[in-house]
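Following: one structure in structure tokens, then a few remarks.
This structure is a prediction, so every number in the text was calculated from the model and none was measured. For this chain, numbers begin at 1 and follow the sequence in order.
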Amino acid sequence: MKPNQKLPPVVLALDTCTELCSAALQWPNGRLSVAEEAPREHSQRLLPMIDGLLSQAGLTMADVGLIAYGRGPGSFTGIRICTSMTQGLALARDIPVVGISTLAALAQKVIDSTSARYIISAIDARMDEIYWGCFEAVDGLAVLVGEEQVSTPQALQSLFADAETIFACGSGFETYPDLILNIDNLTLAESVKYPDADAMLTLAVSEWQQGHATTVDQLAPVYLRDTVAWKKLPGRA
């Protein structure tokens, strides 16, 4: 899609890629969000969350002009739920979509609440590994530096040497607390454990303005591990 400097009238964001299930809504007159830590209940919680937000705003899905979805990395099941839900909602009304990195959403939450310039986001990937990415705050937005990766936690430690102050966030640092021990230039954002849809709204608007929104046929979940393949819902080519 071509760049569009105007905001879509209503942006709906949703994420189920980690233990946190969340949805958020932005429209010209306001912004609402809801989040619940509910592992294994995302498929039951998400639609009521969305309906509740739309009802509070006095809107319906017919008003939504863009759907932002958590594209991963994260839980394989959670990513599939988020992608399937986005596909179902977008197909019904041909709504454009934009995938938002869960790691970027974590970094954005830190940027929104601190003066952080450099952030490392890490999500527990199980199997003694973490998903992680380095981000820089540029004009108030989380911008990826390098590539998102999956690795052992120990692979991160070399990044901290001789660096400026770095903020760390995400469940990866809670799962592997030794990563932050004895590192003077590392500040842990303890309140930022999971990505959520509210932080994705900010990134989604930027992606829309840059023309990065796509049709629903171009949904692009990101697993980082190549052991899961996304399959579209029945009836789609």
Review point. So do Phe173 and Val192 actually touch side chain to side chain, heavy atoms under 4.5 Å?
Key: no

Review point. Which atom pair, heavy atoms only, marks the closest approach of Ala204 to Val11?
Key: CB-CG1, 4.4 Å

Check your understanding: Is there a side-chain contact between Glu174 and Asp124, using heavy atoms and a 4.5 Å cut-off?
Key -> no

**Study point:** Side chain proximity check, Leu14 to Cys82, heavy atoms < 4.5 angstrom
**Key:** yes

Review point. Do you know which two heavy atoms are closest between Met200 and Gly70, and how far apart they sit?
Key: CE-CA, 3.6 Å

Exercise for review: Check whether more than 12 heavy atoms from other residues, nucleotides or ligands sit under 6.0 Å from atom CD of Glu190, and answer yes or no.
Suggested key: no

Point to revise | Min side-chain heavy-atom separation Gln26-Val205 under 4.5 Å | key: yes

Study note, to complete from the structure: side-chain contact (heavy atoms from CB on, under 4.5 Å) with Thr86: of Leu12, Val216, Leu219, Val98, only one passes, and it is Leu219

Review point. Any idea which heavy atoms bring Ser22 and Ala197 closest together, and the distance?
Key: OG-N, 2.8 Å

Check your understanding: Transitively linked via ILVMFWY side-chain contacts under 4.5 Å: Leu103 with Ile79?
Key -> yes

Return all side-chain donor-acceptor pairs below 3.5 angstrom for residues 137-144, not counting sequence neighbours, or 'none' if the list is empty.
none

Exercise for review: In sequence, state the C-alpha distance, the side-chain angles, and the governing distance for Gln149 and Ile130, and then conclude on side-chain contact (heavy atoms from CB on, under 4.5 Å).
Suggested key: CA-CA 8 Å; Gln149 301 186 46; Ile130 55 175; over 6 Å; no

Review point. Same cluster or not: are Val110 and Tyr131 linked, directly or through other Ile, Leu, Val, Met, Phe, Trp or Tyr residues, by side-chain heavy atoms under 4.5 angstrom apart?
Key: yes

Exercise for review: State the CG-CG distance between Leu32 and Leu201, to the nearest 0.5 angstrom.
Suggested key: 10.0 Å

Review point. Linking I/L/V/M/F/W/Y whenever their side-chain heavy atoms sit closer than 4.5 Å, directly or via other members, would Val97 and Val10 fall into one cluster?
Key: yes

Donor-acceptor contacts under 3.5 Å from residues 46-66 side chains, at least two apart:
residue : atom : partner : partner atom : Å
Thr60   : OG1  : Ala62   : N            : 3.2
Asp63   : OD2  : Thr60   : N            : 2.9

**Study point:** Heavy-atom closest pair, residues Ala199 and Ala105
**Key:** CB-O, 3.5 Å

**Study point:** Value rounded to 0.5 Å, distance of CZ in Arg31 from CG in Asp198
**Key:** 4.5 Å

Exercise for review: Hey, could you give me the OG1/CD1 distance between Thr187 and Ile180, rounded to the nearest 0.5 Å?
Suggested key: 10.0 Å

Review point. What's the verdict on side-chain contact (heavy atoms from CB on, under 4.5 Å) for Leu106 and Phe135, showing C-alpha distance, side-chain angles and the deciding distance?
Key: CA-CA 10 Å; Leu106 279 166; Phe135 296 86; over 6 Å; no

Exercise for review: Measure from the side-chain N and O atoms of Ser121 to the backbone N and O of Gly170, and report whether any donor-acceptor pair falls under 3.5 Å.
Suggested key: no

Practice item. Could you give me the CA-CA distance, side-chain angles and deciding distance for Tyr194 and Thr102, then say whether side-chain contact (heavy atoms from CB on, under 4.5 Å) is met? Key: CA-CA 8 Å; Tyr194 299 120; Thr102 50; over 6 Å; no

Check your understanding: How many angstroms lie between atom CD of Gln108 and atom CG of Asp196, to the nearest 0.5 angstrom?
Key -> 10.5 Å

Practice item. Look only at the side chain of His42 and the backbone of Thr18, and say whether a donor-acceptor pair between them is shorter than 3.5 Å. Key: yes

Study note, to complete from the structure: In this structure, CD of Glu19 is separated from CD of Glu41 (nearest 0.5 Å) by 13.0 Å

Exercise for review: Decide whether Leu25 and Met85 are clustered together by the hydrophobic rule: side chain heavy atoms of Ile, Leu, Val, Met, Phe, Trp, Tyr closer than 4.5 Å, transitively.
Suggested key: yes

Point to revise | Rounded distance (nearest 0.5 Å) linking atom SG of Cys21 with atom CD1 of Ile81 | key: 8.0 Å

Review point. Below 4.0 angstrom, N of the basic side chain to O of the carboxylate: do Glu207 and Arg71 qualify?
Key: no

Point to revise | Candidate pair Cys169 and Ile119, rule side-chain contact (heavy atoms from CB on, under 4.5 Å), full reasoning | key: CA-CA 7 Å; Cys169 61; Ile119 308 98; 3.7 Å; yes

